[in-house]
S.K.: 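Have a look at this one.
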Amino acid sequence: MKAGFQQLFNLRRGETGPVLVAGLFFFCILTALMMLRPARDALGMERGIDSVRWLFVGTAVVTLAVNPLFGWLVARLRRLHFISATYVFFAASLVGFWALLLSAPDAVGARSGQVFYVWFSVFNLFVTMVFWALLADRFSSAQGRRLFALIAVGGTLGAIFGPWLAARLAEPLGTASLLLVAAGFLLLGVGLAWTLVHVRTDRRDDAGDAVPSTVAHEERRIGGSAWAGLRAVFSSPYLMGIAGYVLTMTIVATFIYFTRLQMVAAAESDLDARTSLLGNIDMWTQLAVLLLQLTLTGHIIRRFGLGFALAALPVATALGFVGLAIYGSFALLILLEATSKAVQRGLTRPAREALFTVISREDKYKAKAFIDTFVYRAGDVVGAQTEGLLGRLGLALGGLVTVVVPLALFWAMLGLWLGRAQQRGAQQAGATSPAPGADRGA
């Protein structure tokens, strides 16, 4: 039975345990996030959609300020210690919000809702970034291309389970108690991170790539400076390419996000009704992601390569925007968002994370942190302000299409280039995985 399971999911000897632990780890992280996300979006809209655009600016500033602190932790603590510190900090923050809601419910209003919006937006990126950075450090390049899509299924299941659990617990326990439940899932994730690092693995994968020695990795600190990640991105064409891909992706995703907010605001004026509607959209989107991950993702990456997987999202998004501009219906918007997120999370995200398997260990945490947090949020800011400007000019969806289509073309070409660059980097690495201080990028 075990052999049949391994054959079904393209697993090799010694990989079943690490993949199951990693999938459960991602399940816990996404459960915690998705329990809270609908409330985050609804609270952010309390002062109008224009205020959300400025919340994006505040989030980008906070994210930039946090990056050197995270880089300092990476330089001075062992891997599992700075990973644990990150998750424990955010879990403690949730407990603090819970205490505020319980002890001073009257103090929770529009302003504190905006604080929670910014905090959650930073929290969201850092906990997922740390997870994927650990995976890029734990698995080889060949394993990443083959296994990351399967591991991502755990996150999708968590993204489905989180809203369902929130709906079941909100009434008997109260909304404030959901924060404690989410904190509990984060702490469970810490235990799974330690298990993932220490679980037994074979020394070589199916492509002959050496699997990093997790015990040896834990015996030494990464070192370097707190700002090493920022310098690495601007000194490496490969990392700059990843940053450009992420920036373009988030700009376009922000266009979709604000289009959704405007249509939801027009459809529902009540906070609870908005939360319910946003939660339902998330649930159906995650089901589409799960279907894609279980049926096509692994086959597409293996057959057509990372470049094709990275280019699929820009093409699908551009076609969806053209259709939305022509018909302009709410149902088509949901279809666009569901398709875009399904491709992004089910296909593009595993491929994008595999890009980081061929860079140095220091860059996997520091440069990746800068790209996945600040560059990501910078894309949010650019997208939000561009969408707002087009709206003030009266261009609406038609104006967005004229921006999205050229961006999608550049985005797709960048994805194809990154796929080829990653393949060259993996070939240059030969039979050994990157060691600390290895060449950055391809």
Side-chain angles (χ1 to χ4, degrees), residues 14-35 66 69-95 122-140 143-144 147-159 161-162 181-201 211-222 229 349-350 353-354 356-357 359 361-369 372-373 433 436:
E15 291 178 346
T16 303
V19 167
L20 287 176
V21 172
L24 184 58
F25 183 11
F26 204 21
F27 172 85
C28 292
I29 299 306
L30 265 293
T31 296
L33 291 178
M34 297 306 290
M35 284 182 65
V66 170
L69 176 60
F70 180 77
W72 182 86
L73 289 176
V74 172
R76 283 158 178 78
L77 300 181
R78 293 179 180 178
R79 176 174 58 177
L80 282 175
H81 292 167
F82 69 72
I83 290 173
S84 300
T86 302
Y87 285 121
V88 169
F89 169 78
F90 284 116
S93 299
L94 285 171
V95 174
V122 175
F123 157 68
N124 174 32
L125 291 184
F126 266 94
V127 295
T128 53
M129 177 276 299
V130 168
F131 167 80
W132 284 111
L134 177 59
L135 258 63
D137 202 15
R138 173 62 175 77
F139 294 98
S140 70
Q143 287 178 317
L147 301 177
F148 280 5
L150 180 60
I151 293 172
V153 171
T156 302
L157 292 174
F161 181 69
V181 177
F185 276 102
L186 287 181
L187 295 179
L188 181 59
V190 173
L192 290 167
W194 283 72
T195 303
L196 178 62
V197 166
H198 290 101
V199 70
R200 185 188 68 83
T201 183
V211 178
S213 173
T214 55
V215 175
H217 272 37
E218 287 310 310
E219 293 301 318
R220 59 177 182 267
R221 295 175 176 84
I222 292 176
R349 185 63 186 264
E353 297 304 336
F356 291 98
T357 58
I359 62 177
R361 190 173 182 228
E362 182 178 11
D363 290 345
K364 285 174 182 175
Y365 292 99
K366 295 181 182 179
K368 180 173 172 55
D372 283 2
T373 59
S433 54

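As the structure is a prediction and not an experimental result, all values here were calculated from the model.
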S.K.: Aromatic rings Phe90 and Phe126: how do their planes relate, parallel, tilted or perpendicular, breaks at 30° and 60°?
M.R.: tilted

S.K.: Do Phe25 and Leu134 pass the side-chain contact (heavy atoms from CB on, under 4.5 Å) test, and can you show the C-alpha distance, the side-chain angles, and the key distance before you say yes or no?
M.R.: CA-CA 11 Å; Phe25 183 11; Leu134 177 59; 4.0 Å; yes

S.K.: So, taking the atom named CD1 in Ile151 and the one named CG in Leu135, what distance separates them when rounded to the nearest 0.5 Å?
M.R.: 4.5 Å

S.K.: If you look at every heavy atom in Pro350 and Ala152, which pair is closest and at what distance?
M.R.: CG-CB, 4.3 Å

S.K.: Looking only at heavy atoms, which two atoms of Gly144 and Ala354 are closest? And how far apart?
M.R.: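 Taking Gly144 first and Ala354 second, the nearest heavy atoms are C-CB, 4.3 Å.
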
S.K.: Heavy atoms only: give me the nearest Arg138-Pro18 pair and the separation to one decimal.
M.R.: NH2-CG, 3.4 Å

S.K.: Does the side chain of Leu24 reach to within under 4.5 Å of the side chain of Phe27, using non-hydrogen atoms?
M.R.: yes

S.K.: What distance do Phe356 atom CZ and Phe148 atom CZ have between them, rounded to the nearest 0.5 Å?
M.R.: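 Taking CZ in Phe356 and CZ in Phe148, the distance rounds to 10.5 Å.
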
S.K.: Would you say Val88 and Leu187 make side-chain contact, with heavy atoms under 4.5 Å?
M.R.: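 Side chain of Val88 against side chain of Leu187, heavy atoms only: contact under 4.5 Å found.
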
S.K.: Are side-chain heavy atoms of Thr128 and Asp372 found at a separation under 4.5 Å?
M.R.: no

S.K.: Calculate, to the nearest 0.5 Å, the distance between atoms CG and CD belonging to Asp137 and Glu362 respectively.
M.R.: 12.0 Å

S.K.: Search all heavy atoms of Leu186 against all heavy atoms of Ala91 and return the closest pair with its distance.
M.R.: CD1-N, 3.9 Å

S.K.: Pair Phe139, Glu15 - check side-chain contact (heavy atoms from CB on, under 4.5 Å), show working.
M.R.: CA-CA 10 Å; Phe139 294 98; Glu15 291 178 346; 5.9 Å; no

S.K.: Would a 4.5 Å heavy-atom cut-off, applied to side chains only, mark Leu33 and Phe123 as touching?
M.R.: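 Side chain of Leu33 against side chain of Phe123, heavy atoms only: contact under 4.5 Å found.
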
S.K.: For a side-chain contact (heavy atoms from CB on, under 4.5 Å) check, start with the C-alpha distance between Val66 and Thr373, then their side-chain angles and the critical distance, and finish with the verdict.
M.R.: CA-CA 9 Å; Val66 170; Thr373 59; over 6 Å; no

S.K.: Within the structure provided, determine whether Gln143 and Val19 are in side-chain contact (heavy-atom separation under 4.5 Å).
M.R.: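 In short, these two side chains do not touch, never coming nearer than 4.5 Å.
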
S.K.: Heavy atoms only: give me the nearest Ala183-Leu94 pair and the separation to one decimal.
M.R.: N-CD1, 3.7 Å

S.K.: Please walk me through it: do Ile83 and Trp194 pass side-chain contact (heavy atoms from CB on, under 4.5 Å)?
M.R.: CA-CA 9 Å; Ile83 290 173; Trp194 283 72; over 6 Å; no

S.K.: Does a side-chain heavy-atom distance below 4.5 Å link Phe82 with Val130?
M.R.: no

S.K.: Hey, does the side chain of Thr357 reach the backbone of Glu353 with a donor-acceptor pair shorter than 3.5 angstrom?
M.R.: no

S.K.: Distance-only, no hydrogens or angles: does the Lys368 side chain make a donor-acceptor pair with backbone N or O of Ala133 under 3.5 Å?
M.R.: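 No, the answer is negative, given that no donor and acceptor are paired below the 3.5 Å cut-off.
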
S.K.: Is the ring pair Phe26/Phe131 parallel, tilted or perpendicular, if the boundaries are 30 and 60 degrees?
M.R.: parallel

S.K.: What distance do Thr195 atom OG1 and Leu20 atom CG have between them, rounded to the nearest 0.5 Å?
M.R.: 12.5 Å

S.K.: What are the two closest heavy atoms between Tyr365 and Arg79, and how far apart are they?
M.R.: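 So the two residues come closest at OH-CD, 2.8 Å.
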
